[in-house]
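Take a look at the structure below.
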Amino acid sequence: MTPLSQDEASSAGSQETGSKGTIRVLQLYPRDMNIYGDWGNVLVLQQRIRWHGYTPEILEYNVGDPFPEDVDIIVGGGGQDSGQLVIQDDLLSRESALKELADDGTPMLLICGLYQLFGRFFKTRTGAVIPGIGVLDVETHGTDERLIGNVTVSSPEFGDILGYENHSGQTRLGPGVRPLGTTAKGTGNNSSDGQEGARYRNIVASYLHGSLLPKNPAIADFLIRTAAERKYGSFTPGAPDDGYAELAREHAARRPR
Ligand code: GLN
């Protein structure tokens, strides 16, 4: 067999044989916003995109980078208040591009710290106001009460969502978003209304780390299906292997708060 030339090899890498097409996943600020295993969300998307018969392309965007074109799914993780301060100016400089993508229906998964900063602002517990980009109609106030532990959320769209929270921010939803679900165990958005996360267009925003997608493949498949439908007009699922996800869900569901 003739070995592939360099050009053939790289095009085979970006579009595998028999692939239904490429899905480009962008992770926002992995250097500063990526805690409690949030990177695992990207790994799950990469694997499930393959299982569904598409070719994943994983891109990273950090402070100061050029913003990539033609992104199909955007993923953002959590971070300490200090990480949020590091990215705030750069994120604000991307406000109109990200708003346009969100309003156009780009599927996005936003966890904790970036969930907060896709909202209107996060006022930290020391009183510093970190402005957000206002894609989501939410605002967040830090308090001295840290919300930590395992969480189970009942979601009308995704069933039981399992994960782990660790935040000082208390988030209130405005009328422009709906909650992702209600908490059956744990706290979620704030200590009083029993709601967790937010939904807007094709954005899923949540406080849950763990990471979220390995234990909640229904959310991963929602992001992939939406991306494929927007890009290719339809989505034909493959046959993902959910064995490990089911085991992880069983273990997570048994954990105490
Ligand atoms: N720094 C934010 C808070 O404490 C976000 C934390 C996180 O992303 N886990 O509320």
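Numbering of ligands and ligand atoms starts at 1, following listing order. Predicted, not measured: the structure shown is a model, and the values here were computed from it.
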Handout entry: Side-chain ion pair, Arg24 and Asp70, N-O less than 4.0 Å
Key =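 So Arg24 does not pair with Asp70 through a salt bridge.
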
Exercise for the section: Assess whether atom NZ of Lys123 is packed by more than 12 heavy atoms of other residues, nucleotides or ligands within 6.0 Å. Expected result: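 Result for NZ/Lys123: open.
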
Problem - Non-hydrogen side-chain atoms of Phe118 and Leu28 separated by less than 4.5 Å - result: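 Yes; the side chains approach each other to less than 4.5 Å.
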
Handout entry: Which residues share a salt bridge (charged side-chain N to carboxylate O under 4.0 Å, His left out) with Asp103, sequence neighbours left out
Key =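 Salt bridge (charged side-chain N to carboxylate O under 4.0 Å, His left out) list for Asp103, sorted by chain: empty.
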
Handout entry: Results of salt bridge (charged side-chain N to carboxylate O under 4.0 Å, His left out) for Arg146 - residues two or more places apart only
Key =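 Checked Arg146 against salt bridge (charged side-chain N to carboxylate O under 4.0 Å, His left out); zero matches.
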
Exercise for the section: Go through the structure and list residues passing side-chain contact (heavy atoms from CB on, under 4.5 Å) with Ser93, not counting sequence neighbours. Expected result: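 Residues passing side-chain contact (heavy atoms from CB on, under 4.5 Å) with Ser93: Asp90.
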
Problem - Neighbour list for ligand 1 [protein residues, heavy atom under 4.0 Å] - result: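 The answer is Ile35, Tyr36, Gly78, Gly79, Gln80, Asp81, Gln84, Cys112, Gly113, Gln116, Phe122, Arg146, Asn166, His167, Ser168, Gly169, His209, counting any residue whose heavy atom sits under 4.0 Å from ligand 1.
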
